[in-house]
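Residue numbering restarts at 1 for every chain, and letters A, B, ... go by the order of the sequence lines.
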Amino acid sequence: MQWHSVNEFLAMGGYAFYVWGSFGITFGCMAFELWLLKKRSQRIAQAVKQEAF
Amino acid sequence: MPKTKLTQELGTFSVLYRILARDIKVALRRQSDVTAVFFFFIIAASLFPLGSGADPKLLSAMAPSVLWVTALLSCMLSLSRMYSSDYADGTLEQIMLSNQPTVLIVLMKILAHWVLSGLPLVFVAPLIGLQFNLSSAELQILAVSLLMGTLALSLIGSIGAALTLGIRGTGVLIAILVLPLYIPVLVFGAGAVNAASIGMSPNGALSLLGAVLAMALVFAPLASAAALKIALE
Amino acid sequence: MKNLDTKTSINWLKYASPKTFYPLAGKLIPWCVIGAVGLIVYGLYIGLFVAPTDFQQGEGYRIIFVHVPAAWFSMFLYLLMAMYAGLGLVLNARLSYMMATAIAPTGAMFTLVALVTGSLWGKPMWGAWWVWDARLTSELILLFLYIGYFSLQAAIDDKNRADKASAVLALVGAINVPIIYFSVKWWNTLHQGASVSLMKAPAMATVMLKGMLVMAIGFWLYSIAVILIRVRCEILERDSKAAMFNLGL
Amino acid sequence: MGFLASNHVLIADNLVGVRGERLLFEKLNFELSNGTVLYLQGANGTGKTTLLRTICGLSKPYAGVVNWCGEDINSLAEEYFKHVLYIGHLPGIKEDLTALENLKFSLALSGKAISANQATEVLNMLGLAKGLNLPTRMLSQGQKRRVALARLWLQELPLWVLDEPFTALDVNATSLLKQKIEAFANEGGIIVMTTHQEVTLNVPKFEQLRLDA
């Protein structure tokens with residue numbers, strides 16, 4: 001464990017923007033994809049309910 | 001009612017030849033389509049010097065890419081006509097129901113498209129190349145690479161044309177489908193001319209282009225035939 | 001002559017197998033999600049805390065822990081999609097068409113992520129947002145193939161034909177992927193000489209490799225979960241009868 | 001023209017037709033042997049055209065098999081197409097070519113070469129004498145239809161699949177076509193057709209199949 005302090009960890013040896021940017025985008029896209037899917041399944045469940053009654 | 005026996009049976013090649021001949025005859029009766037592709041190439045290629053200035057060294061450096069990309073685009077512009085007119089008037093169904101395997105029929109269609117749109121480019125490109133002050137060696141390689149390249153472009157393009165048959169607004173759609181598949185042909189084609197311009201032997205690039213052409217000859221008719229069957233369902 | 005009585009909305013369950021697949025997928029999804037989260041967190045732990053600083057690239061190299069797995073899966077998911085497409089064409093099985101349709105968005109997402117992280121990695125290391133490196137360029141072309149797949153599917157209204165046409169395109173694309181990669185590599189060496197490939201990952205300390213592999217398996221479980229969720233949506237959207245049955249209404 | 005000496009049989013077993021998400025027909029069976037005319041009835045949109053295209057092999061049935069002389073037409077492919085003559089809604093002729101060129105080309109597709117005067121004879125009989133050398137786009141709808149039908153008098157194919165062959169035909173052409181269909185059926189041909197006009201055909205076997213909405 002070579003990080004001695006939290007903000008050294010955050011600074012990421014001067015590459016903070018690039019490293020956190022990459023991680024942020026990766027997990028951001030994943031979260032966005034999951035969110036889209038949740039919305040889509042809600043829309044289906046809702047549409048089916050209407051059709052059933 | 002005529003009772004005479006029909007004269008003579010037609011073998012596979014004569015039937016296929018007639019399909020090819022008919023396509024060319026129909027296209028020549030409507031010259032506007034054929035010449036449009038030809039003039040697009042000439043005009044588009046001549047636009048680049050207007051955009052970049054007439055410095056000979058710059059022009060000859062970018063000539064292979066300019067000539068190849070415009071040839072590729074003009075080939076692509078006429079792709080949608082490959083099957084759509086036959087699809088619209090019902091002759092495509094009749095041809096598919098002929099006694100020839102679909103793959104060979106598709107090959108004839110591709111050859112007809114190549115003869116009408118690819119081949120003319122092979123002859124005019126060296127002339128346009130003079131505008132970009134290419135040396136005669138480079139012009140020769142340009143012609144040879146386009147000869148093989150345009151056939152490969154027609155082959156690969158026919159898959160896009162068959163997939164988008166009967167869909168409205170296919171002009172741009174074909175471009176999106178087919179351009180990524182054109183990249184190897186462009187890389188090796190333009191690469192051959194580039195190699196010639198820096199004195200390297202273009203044979204490496206030309207043989208790779210030949211390999212891509214060979215693969216296209218095998219896979220493109222199969223994929224196009226499958227796509228046509230799907231379109232005609 | 002026998003009269004034909006036709007029902008308006010047909011009962012698909014008889015012909016396709018989504019009926020058995022739907023609940024099975026439902027059971028699998030939670031496990032994949034848990035596995036994915038666990039492994040990704042563990043991978044991050046290795047990548048950010050355990051892996052040492054690289055003597056050449058400092059801390060910037062840690063981007064590989066997301067960039068490389070994303071690049072792997074962008075390619076793998078395209079080939080998986082092509083496989084399901086091919087299966088669909090051969091067996092005329094609606095379910096495998098649906099699988100191919102469900103895989104594509106995740107594959108495209110990973111391609112986009114690989115491109116962005118690649119450029120974020122290129123900027124500090126080689127000073128340019130975009131580097132015409134063979135792998136990055138092929139990644140870009142792979143994105144074009146995904147775009148082609150989506151635009152063809154969107155352009156065709158009849159679901160049946162859209163499935164088959166995009167399946168053919170996916171297969172043609174899959175055949176072209178190695179050719180494109182080779183031609184870009186050849187183009188790269190022709191123009192830049194035999195310079196070292198820019199994006200070669202730094203000397204792989206075993207712990208870095210382990211970190212990347214853990215992240216990769218995490219991405220794999222994530223992909224399975226997302227694809228299964230999307231396939232279930234696809235099944236429900238395609239047939240209201242199955243929807244009512246499966247939602248227990 | 002005893003070319004139909006050998007007996008042919010067209011069997012549909014358990015055919016299921018689907019268009020988009022709609023089921024058109026289900027569990028459809030029939031067996032047609034030499035000299036039969038199957039007359040398909042049904043309102044628009046009940047799947048008549050889909051059934052015809054399934055029978056002639058252009059589209060695959062959702063389920064079930066079309067069988068020609070004991071073999072599934074899917075595996076026969078071109079072998080089967082050698083025996084089928086299909087006339088659909090679309091005219092199937094090239095507007096830029098003349099009637100003569102169109103007729104010769106459609107014959108060539110089934111491997112037959114015919115002489116110019118044979119073709120002209122049939123076209124004259126169908127009242128197209130004037131328009132022989134004009135590109136067919138100049139002809140009227142009815143004339144185009146007759147150019148498309150001209151090959152019925154020249155081709156020797158045992159199975160005809162006709163999608164509303166009588167549309168846009170005048171009285172004279174309709175009776176000519178009726179006679180030709182009757183003659184063909186009596187020689188042992190098999191015909192599957194749809195039409196909206198009420199047509200009585202005296203043929204060895206006349207069957208009807210109704211597809212309702």
Side-chain angles (χ1 to χ4, degrees), chain B residues 65 152 155-160 162-192 194-195 198 200 202 204-205 207-209 211-216 218-220 222-233, chain C residues 78 82 85-86 88-90 92 97 108 111 132 134 137-193:
Chain B
S65 158
L155 280 159
I156 299 168
S158 113
I159 303 172
L163 282 172
T164 58
L165 200 52
I167 301 170
R168 38 172 171 46
T170 55
V172 183
L173 182 63
I174 289 187
I176 299 173
L177 304 187
V178 153
L179 280 179
L181 307 175
Y182 273 179
I183 286 171
V185 178
L186 171 64
V187 163
F188 294 135
N194 278 325
I198 49 175
M200 277 164 59
S207 48
L208 287 168
L209 181 61
V212 169
L213 172 59
M215 277 198 75
V218 170
F219 287 109
L222 285 172
S224 307
L228 277 188
K229 286 203 180 85
I230 294 166
L232 283 171
E233 263 192 12
Chain C
Y78 188 90
L89 283 173
V90 168
N92 202 5
Y97 286 134
T111 319
W132 284 99
T137 316
S138 326
E139 197 72 43
L140 182 66
I141 299 166
L142 185 62
L143 184 66
F144 296 158
L145 289 176
Y146 274 113
I147 291 169
Y149 182 82
F150 289 129
S151 33
L152 182 62
Q153 266 200 338
I156 302 175
D157 313 328
D158 167 17
K159 211 66 184 126
N160 202 337
R161 178 177 168 190
D163 285 345
K164 292 183 178 159
S166 45
V168 169
L169 183 67
L171 280 175
V172 167
I175 295 170
N176 266 286
V177 158
I179 304 171
I180 288 173
Y181 182 69
F182 175 76
S183 62
V184 168
K185 214 162 183 30
W186 179 86
W187 163 80
N188 197 306
T189 46
L190 178 73
H191 289 286
Q192 263 142 0

Audit row: B:Phe219, B:Ile156, side-chain contact (heavy atoms from CB on, under 4.5 Å) steps and yes/no: CA-CA 9 Å; B:Phe219 287 109; B:Ile156 299 168; over 6 Å; no
Out of B:Leu165, B:Val212, B:Thr164, which one racks up the most heavy-atom pairs below 4.5 Å with chain C? B:Leu165
In terms of heavy-atom pairs under 4.5 Å, which option from B:Leu179, B:Ile176, B:Leu163 contacts chain C the most?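 Greatest number of close heavy-atom pairs with chain C: B:Leu163.
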By a 4.5 Å heavy-atom criterion (distance strictly below it), what part of C:Ile180 contacts chain B: side chain, backbone, both, or neither?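 Both the backbone and the side chain of C:Ile180 come within 4.5 Å of chain B.
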Bottom line for C:Asp157: the part with an atom under 4.5 Å from chain B's heavy atoms is side chain
Please list, one pair per line, the donor and acceptor atoms closer than 3.5 Å that link side chains of residues 222-233 of chain B to other protein atoms, with sequence neighbours excluded.
unit_1: B:Ser224; atom_1: OG; unit_2: B:Ser158; atom_2: OG; d: 2.4
unit_1: B:Ser224; atom_1: OG; unit_2: B:Ala220; atom_2: O; d: 2.7
unit_1: B:Glu233; atom_1: OE1; unit_2: C:Lys164; atom_2: NZ; d: 3.3

Contacting moiety of B:Leu208, where chain C heavy atoms sit under 4.5 Å: side chain
Examine whether an atom of B:Ala205 lies under 4.5 Å from a heavy atom of chain C, and if so say whether it belongs to the side chain, the backbone or both; otherwise answer neither. both
So C:Phe182 and B:Phe188, would you call those rings parallel, tilted or perpendicular, with 30° and 60° as cut-offs? tilted
Candidate pair B:Ile183 and C:Ile179, rule side-chain contact (heavy atoms from CB on, under 4.5 Å), full reasoning: CA-CA 9 Å; B:Ile183 286 171; C:Ile179 304 171; over 6 Å; no
Output all residues satisfying ring pair (Phe, Tyr, Trp, His ring centres under 6.0 Å) with C:Tyr146, sequence neighbours left out; order by chain, then residue number.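 Checked C:Tyr146 against ring pair (Phe, Tyr, Trp, His ring centres under 6.0 Å); matches are C:Tyr78.
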